[in-house]
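Letters go in sequence order (proteins before strands), and every chain restarts at 1.
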Amino acid sequence: MRASRYFMPTLREVPAEAELISHQLLLRGGFIRKQAAGVYVYLPLGWRVIRKIEQIVREETDRIGGIELFMPALVPQELLDETGRSGLDILFRLKDRHGRPFTLGFTHEEIITDIVRHAVSSYRQMPLLLYQIQTKFRDEPRPRGGVIRAREFLMYDAYSFDVDEEAMERAYQAVRDAYLRMFHRMGLPTIIVEAEAGAIGGGRNEEYMVVAEGGEDKVLQCDTCGYGANAERCELPDPNLVPPPINTVPPAQKVATPNARTVQEVTAFLNTTADRLVKTLLMRVDGKPAAAMVRGDRELNPYKLMHALNGESVEMMDASSIEQLTGAPVGFSGPVGLPPDLPLLADYELKGLQDFITGANEADAHLVHVCWGRDFPEPQWADLRVAEAGDRCPRCPTGTLREVRGIEVGHIFQLGVKYSRAMNALFTDAQGNLKPILMGCYGLGVSRCLAAIAEAHHDEHGIRFPITVAPFEVILILVNPEDGKQRETAEQLYSALLQQGVEVLYDDRDERSGVKFKDADLIGIPIQVVVGRAVQDGQVEVRLRADKSPQRLAIANAPAHVLALIDDLKRELEPAR
RNA sequence: CGGGGCGUAGCGCAGCAUGGUUAGCGCGCCUGCUUUGGGUGCAGGAGGUCCCCGGUUCGAAUCCGGGCGCCCCGACCA
């Protein structure tokens with residue numbers, strides 16, 4: 001490709017809207033352009049990268065027996081009614097001319113299950129692994145980071161169908177390994193962590209995280225055993241604390257705390273510390289009220305409360321319901337005097353705490369010297385708080401958790417019969433029994449990978465693409481187009497490389513050399529071939545974007561050398577191929 | 001949805017508190033010359049519904065009201 005005839009609008013200055021380095025570089029390098037919040041154009045360079053990512057995921061899925069298909073982006077709402085997901089607020093909704101409600105697909109479990117329930121009826125037709133690469137639409141409350149969290153984005157999603165638990169587990173493992181190969185081939189270093197299932201639901205599920213400063217997920221990792229989990233999932237062990245004696249604790253006493261609602265305000269007012277305070281949070285699990293207690297300096301993990309009560313959804317109770325239930329405005333809730341039928345749960349940690357401060361369930365008042373088992377019934381103990389760096393590992397005796405940030409590039413789930421049961425996707429087994437199909441679903445953010453790659457591979461000059469996903473393998477830089485000898489050499493090398501099947505971007509533009517070098521570094525093509533003044537000595541320079549150390553070569557040897565370099569770079573990421 | 005910030009040429013910004021020439025600067029773009037190994041120098045030029053609607057005023061980019069859009073933090077999120 002001749003750069004003079006190509007479309008690569010690079011930007012010299014950093015667009016004000018971009019915060020993340022990957023976002024800045026992708027905008028500046030002419031890979032993407034914003035159309036609206038969370039809606040992006042993929043410019044030619046960006047689209048070439050996307051197509052390479054797609055190719056890798058196709059090859060690796062095909063290798064484990066996956067079969068590609070293509071589902072509609074336009075999804076009839078009634079299909080989502082079957083699984084109760086038509087009310088989700090991330091759905092884009094529209095109506096056709098007859099007023100029939102549609103949504104834009106945010107994920108495709110219902111569609112694929114619908115196809116399979118009509119076409120699969122026997123155990124002989126499984127196992128089955130179907131996948132697609134599709135545009136997904138999610139009306140995110142807050143798009144951010146460019147294509148990291150977009151409202152319209154490209155996603156690969158695969159779905160497995162099996163006859164029993166073991167077969168489902170085998171399919172899950174096969175995809176799990178295939179994902180590792182995909183990310184490795186893309187040059188994305190990932191870690192696998194346990195995760196929450198969110199709107200997809202189901203059982204076991206894991207996320208693939210690219211560790212990056214700009215990542216939006218908090219990930220906790222054990223320094224000893226390798227356990228890793230998303231912070232919204234990460235379990236904590238029961239420290240089995242011994243309750244301190246309460247015979248010397250003075251009776252609970254009400255104190256006035258005018259306008260002191262937050263932990264910070266209360267501790268300041270009572271001149272104490274947050275770990276002497278117990279927060280009581282009123283929540284709804286599956287719509288039913290529940291109270292959860294954590295220490296004042298901790299954070300409640302709502303999912304943990306949901307799991308403790310075997311629920312499927314959780315939300316904070318709204319202010320007026322709280323007032324109705326406790327008799328006090330938000331900020332003054334406490335465990336003393338709550339309705340006896342209200343489930344009351346407390347984090348394990350509180351087992352070792354007595355003589356604490358809580359809300360009094362009365363406006364502008366708190367209680368001091370509160371003890372559980374004395375002033376209110378012993379609560380149900382559970383793991384309820386959000387894990388933090390420094391906490392003990394839940395999987396091994398000596399490990400400590402540390403915290404990193406990650407970009408979630410993949411998420412795999414064992415769905416079990418959640419969708420097949422709801423949608424009546426049944427099959428007949430060898431014994432003639434009618435059973436629901438066991439499903440798994442496996443998502444990979446294709447467009448998000450583009451951003452993750454830029455986030456993981458860049459320096460102060462620009463992106464440094466791994467060769468497997470680079471928009472071109474080689475950039476051929478003609479330093480001075482006015483120089484006949486240089487031009488002639490560059491043209492000759494260009495044809496030679498093309499003939500060898502090399503993907504080469506030939507920068508023949510009538511630009512200053514400085515512009516070309518800056519652009520080459522910015523767009524990150526891994527191999528740079530510079531045709532400059534060295535042609536006088538019959539030489540050109542070859543250098544890697546990654547280390548920049550130039551190597552001078554006789555012009556005649558350059559194509560073979562470049563070919564060998566490409567091979568080397570590819571072998572690092574695709575050893576088996 | 002809560003808090004904060006922003007909206008002026010393709011991009012980055014100034015001007016706005018105190019209303020008043022023809023709305024300005026840098027980059028980019030066009031023309032000519034120059035230069036040719038890291039965003040070259042000189043000269044000339046084009047490009048603006050100052051986000052939108054309404055109001056105040058002799059006069060609004062500037063003041064007031066309403067709306068829309070965008071970014072960041074939080075809530076939320078596969």
Side-chain angles (χ1 to χ4, degrees), chain A residues 9-20 23-24 27-28 30 33-39 85 88-91 105-109 134 136-146 148-151 153-157 195-202 205-209 214 216-217 230 232 299-300 302-303 313-316 318-319 407-413 415 441-448 460-462 477-483 486-487 507 509-522 528 530-536 540-541 543 548 550 552:
Chain A
T10 55
L11 263 28
R12 186 177 190 161
E13 283 168 285
V14 181
E17 70 191 40
E19 193 89 346
L20 284 188
H23 190 192
Q24 295 176 356
L27 286 171
R28 283 190 55 211
R33 186 134 304 174
K34 189 180 68 178
Q35 198 53 242
V39 179
R85 295 209 295 180
L88 294 177
D89 55 9
I90 52 165
L91 284 174
F106 77 113
T107 175
H108 281 80
E109 282 79 13
Q134 240 283 14
K136 295 280 195 276
F137 299 87
R138 295 184 189 172
D139 195 1
E140 293 288 348
R142 191 179 147 207
R144 72 187 114 182
I148 294 239
R149 179 167 296 274
R151 295 193 296 172
F153 58 101
L154 279 167
M155 186 167 146
Y156 154 103
D157 45 324
E196 275 300 331
I200 302 276
N205 71 97
E206 293 170 298
E207 289 172 333
Y208 293 74
M209 291 283 184
E216 45 175 5
D217 283 292
N230 195 310
E232 61 187 25
E299 213 181 318
L300 171 72
Y303 293 110
S313 75
V314 63
E315 57 187 338
M316 289 211 353
D318 61 279
I407 301 169
E408 177 197 347
V409 287
H411 199 162
I412 59 177
F413 303 75
L415 297 173
C441 79
Y442 316 91
L444 187 152
V446 172
S447 44
R448 185 181 278 182
E460 67 270 33
H461 304 293
I477 300 170
L478 169 57
V479 172
N480 183 1
E482 306 285 296
D483 182 313
Q486 285 186 26
R487 179 170 275 280
D507 196 345
R509 290 177 302 172
D510 186 18
E511 287 284 355
R512 304 266 316 165
S513 55
V515 173
K516 298 187 187 186
F517 290 132
K518 290 286 186 192
D519 273 349
D521 287 351
L522 178 63
Q528 303 181 343
V530 181
V531 181
R533 55 188 173 217
V535 293
Q536 291 158 13
V540 293
E541 279 162 46
R543 58 194 188 190
K548 305 286 302 185
R552 288 183 138 213

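- Remark: B:G59 base-pairs with no nucleotide; criterion is Watson-Crick or G-U wobble with both hydrogen-bond distances under 3.5 Å.
- Within 4.0 Å of A:Arg28, counting heavy atoms only, lies at least one base atom of the nucleic acid.
- A sub-4.0 Å separation between OP1 or OP2 of B:C77 and a side-chain N or O of A:Tyr303 is present.
- When both distances must be under 3.5 Å, the Watson-Crick or G-U wobble mate of B:G74 is B:C1.
- Here A:Asp483 does not pair with A:Arg533 in a salt bridge; the nearest charged N to carboxylate O distance is not below 4.0 Å.
- Mapped onto RNA chain B by nearest heavy atom, A:His411 and A:Val14 fall at different nucleotides, with A:Val14 at the one closer to the 5' end.
- As a whole-Å value, the separation of A:Glu13 CD from B:G28 P is 9 Å.
- Rounded to whole Å, the distance from NZ on A:Lys518 to P on B:G37 is 15 Å.
- Atom CG in A:Leu415 sits about 14 Å away from atom P in B:A78, given to the nearest Å.
- Of the candidate nucleotides B:A78, B:G38, B:C72, B:G38 has the atom nearest to the side chain of A:Arg543.
- Per the geometry, CG belonging to A:Asp89 stands 10 Å off P belonging to B:A78, to the nearest Å.
- When distances are taken from the side chain of A:Arg149 to each of B:C71, B:A78, B:G74, the shortest belongs to B:A78.
- Look at B:A14: its glycosidic torsion is beyond 90° from 0, and that puts it in the anti range.
- A pairwise comparison of heavy atoms in A:Leu27 and A:Lys34 identifies CD2-N, 4.4 Å as the closest pair.
- Within 4.0 Å of A:Ala534, counting heavy atoms only, lies at least one base atom of the nucleic acid.
- Using a 4.0 Å heavy-atom criterion, one finds that A:Thr107 contacts no nucleic acid atom at all.
- Judged by distance alone, the side chain of A:Ser447 and the main-chain N or O of A:Leu154 form a donor-acceptor pair under 3.5 Å.
- Between A:Arg509 atom CZ and B:G38 atom P there is a gap of 16 Å when expressed in whole angstrom units.
- In this structure, of B:C70, B:G37, B:C76, it is B:C76 that holds the atom nearest to the side chain of A:Pro141.
- The side chain of A:Glu140 lies closest to B:A78, out of B:A78, B:G37, B:C70.
- When distances are taken from the side chain of A:Arg512 to each of B:C29, B:G38, B:U40, the shortest belongs to B:U40.
- Between A:Asp510 atom CG and B:U35 atom P the separation is 14 Å, expressed in whole Å.
- Nearest to the side chain of A:Arg144, among B:A78, B:G37, B:C72, sits B:C72.
- With distances taken from any side-chain atom of A:Met155 to the nucleotides B:G38, B:A78, B:C72, the minimum falls on B:A78.
- Side-chain atoms of A:Arg448 lie closest to B:A78 of the nucleotides B:G37, B:A78, B:C11.
- Pairing of B:G44, defined by two Watson-Crick or G-U wobble distances under 3.5 Å, is identified with B:C30.
- Residues A:Glu196 and A:Glu299 each lie close to RNA chain B; by heavy-atom proximity, the contact nearer the 5' end of the strand is made by A:Glu299.
- Atom CE of A:Met209 and atom C1' of B:C77 are 12 Å apart (whole Å).
- At whole-Å resolution of the value, CD in A:Glu109 and P in B:A78 are 11 Å apart.
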